[in-house]
Number of protein chains: 2
Amino acid sequence: MQEARSGGEALLFLTDEQLRKGIEAMFFAYRGFTADPDRILNNYAYGRAHHRAVHFIHRSPGTTVNNLLGILGVTKQSLNRVLRTLISDGLVESRVGTKDKRERHLYLTQEGATLERELSDAQRKRMRDAYRAVGPDAVAGFRKVLEAMMEPELRRYFKALKDDE
Amino acid sequence: MQEARSGGEALLFLTDEQLRKGIEAMFFAYRGFTADPDRILNNYAYGRAHHRAVHFIHRSPGTTVNNLLGILGVTKQSLNRVLRTLISDGLVESRVGTKDKRERHLYLTQEGATLERELSDAQRKRMRDAYRAVGPDAVAGFRKVLEAMMEPELRRYFKALKDDE
DNA sequence: CTTGGAAAGTCAACAACACTGACGTAAAAT
DNA sequence: ATTTTACGTCAGTGTTGTTGACTTTCCAAG
């Protein structure tokens, strides 16, 4: 049941109970993390999938459907349904690739950018409030643990993004 | 676009870009966080909803349906569908309350405890590896930020749980 | 140059899991 | 005795995931 504790000072906190608390903290925190966007999305008849698509199109304008698939970790059919509604609703524009005509490059329209802004404002506010409540050292630790928890493939992608900090 | 930075040293890192990275880190990390249980659950034809129910019944044996509803944040119809399958599959036992016969107290059977163990072993391993990779200070910060990010109601519940650390 | 395969994307059908709303039963509370 | 609470269920709906089958486009081997 209990962690062996044979290693040294750095292992003292790694009991099963401590780890379970960390798991629950992650579960509850993620609920908070998505609570504000979820409320906003309800007003638009969109869901989290739309939010994710809009977020990453904003982050990487001109990205292809295939790129998004790798980042979002869903099937292309699932993403396609979401993109179709966003495109037909005029939030996302899909341009046929000039070099490779199989590809579709995705961009937010003005309207799409407005929704992205509304969603990310709310989410950033929560993140900012949390950061302010705990201070910079805690934030640094928070980010370290999150990175360590990612699947290796996504961690590599994420670290590549980090370069422009 | 940019954070005002008028406050002082503790605000220097709170640019919109930094906050967006934090948001993405949370998104990617949560994927990693659920990846191992998801793989296991596929073998049992169960989903995350079953995992959550099993986890919190393990955490609080004898908890009532109503208690679980508050913790999981779903409707009773949704939870009931999950509990029904878990009970009929023999993973969860539902006992009528002795003091208040309206209540149903939920317990894991031996089989249910086995699944809980398999799921939480995988999830704890990931959490433990991440903790070990970053060290205790980072973990303390991680936990602080997660708590700050929770909705107030869940934060109160979570802090009450924390007492037995 | 043609042909065959791989890649990017789309359409259709289905499953999981969330939601609302309505209803029923039993037990507790008033 | 009436109301409220706890729980279960049925019916219907929506989002989001899945697999399977398909078109278009690209590219490379023959």
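So that the names make sense, note that chain A is the first sequence line, chain B the second, and so on, each numbered from 1.
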If I take atom [atom1] in residue [X] and atom [atom2] in nucleotide [N], what distance separates them, rounded to the nearest angstrom?
X	N	atom1	atom2	answer
A:N67	C:dA7	CG	P	15 Å
B:Q77	D:dT13	CD	P	16 Å
B:R81	C:dC19	CZ	P	9 Å
B:R95	D:dC7	CZ	P	16 Å
B:L69	C:dA18	CG	C1'	13 Å
A:R84	D:dG17	CZ	C1'	14 Å
B:L86	C:dC17	CG	P	10 Å
B:L83	D:dG8	CG	C1'	11 Å

Discussion item. Heavy atoms within less than 4.0 Å of DNA chain C: which residues of residues 28-48 of chain A have one? Give them sorted by number.
Written reply: none

Using a cut-off of less than 4.0 Å, is there contact between a side-chain N or O of [X] and OP1 or OP2 of [N]?
X	N	value
A:T75	D:dT18	yes
A:H50	D:dT16	yes
B:N80	D:dT9	yes
B:R52	C:dC17	no

Response to the item:
Between A:G97 and A:A49, whichever has its closest DNA chain D nucleotide further toward 5' is A:A49

Worksheet item: Can you tell me if B:R31 uses its side chain to pair, donor with acceptor, with the backbone of A:L72 under 3.5 Å?
Response: yes

Item to complete: Examine distances only and state if a side-chain atom of B:R126 and a backbone atom of A:M149 form a donor-acceptor pair shorter than 3.5 Å.
Response: yes

Discussion item. Given D:dC26, D:dT16, D:dG8, identify the nucleotide with an atom nearest to the side chain of A:K101.
Written reply: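 Minimum distance to the A:K101 side chain belongs to D:dC26.
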
Worksheet entry | B:Y157 and A:E24 side chains, donor-acceptor separation under 3.5 Å |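 A:E24 vs B:Y157: no donor-acceptor pair found between side chains.
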
Worksheet entry | Residue pair B:S120 / B:H55, side-chain donor-acceptor N/O under 3.5 Å | no

Worksheet item: Is there a side-chain contact (heavy atoms from CB on, under 4.5 Å) between B:N42 and B:D38 once you walk through the steps?
Response: CA-CA 6 Å; B:N42 264 338; B:D38 284 351; 5.7 Å; no

All N/O contacts under 3.5 Å from nucleotides 3-6 of chain D to the protein, with atom names and distances to one decimal?
from	atom 1	to	atom 2	distance (Å)
D:dT5	O2	B:R102	NH1	2.5
D:dA6	OP2	B:N66	ND2	3.3

Fill in: Pair A:Y30 + B:F27: ring centers closer than 6.0 Å
no

Fill in: Reference residue A:T34; test side chain to side chain donor-acceptor pair (under 3.5 Å); the match among A:R48, A:Q123, A:H51
A:R48

Worksheet item: Can you tell me how far the CG atom of A:L68 sits from the OG1 atom of A:T63, to the nearest 0.5 Å?
Response: 4.5 Å

Worksheet item: Passes side-chain hydrogen bond (donor to acceptor under 3.5 Å, both in side chains), B:D89 versus B:Y46? Steps please.
Response: CA-CA 11 Å; B:D89 290 354; B:Y46 291 143; 2.4 Å; yes

Fill in: For B:E147, side-chain hydrogen bond (donor to acceptor under 3.5 Å, both in side chains) partners two or more places apart
B:K162

Worksheet item: When all nucleic acid strands are considered with a 4.0 Å heavy-atom cut-off, which category describes B:G73: base, sugar-phosphate, or nothing?
Response: sugar-phosphate

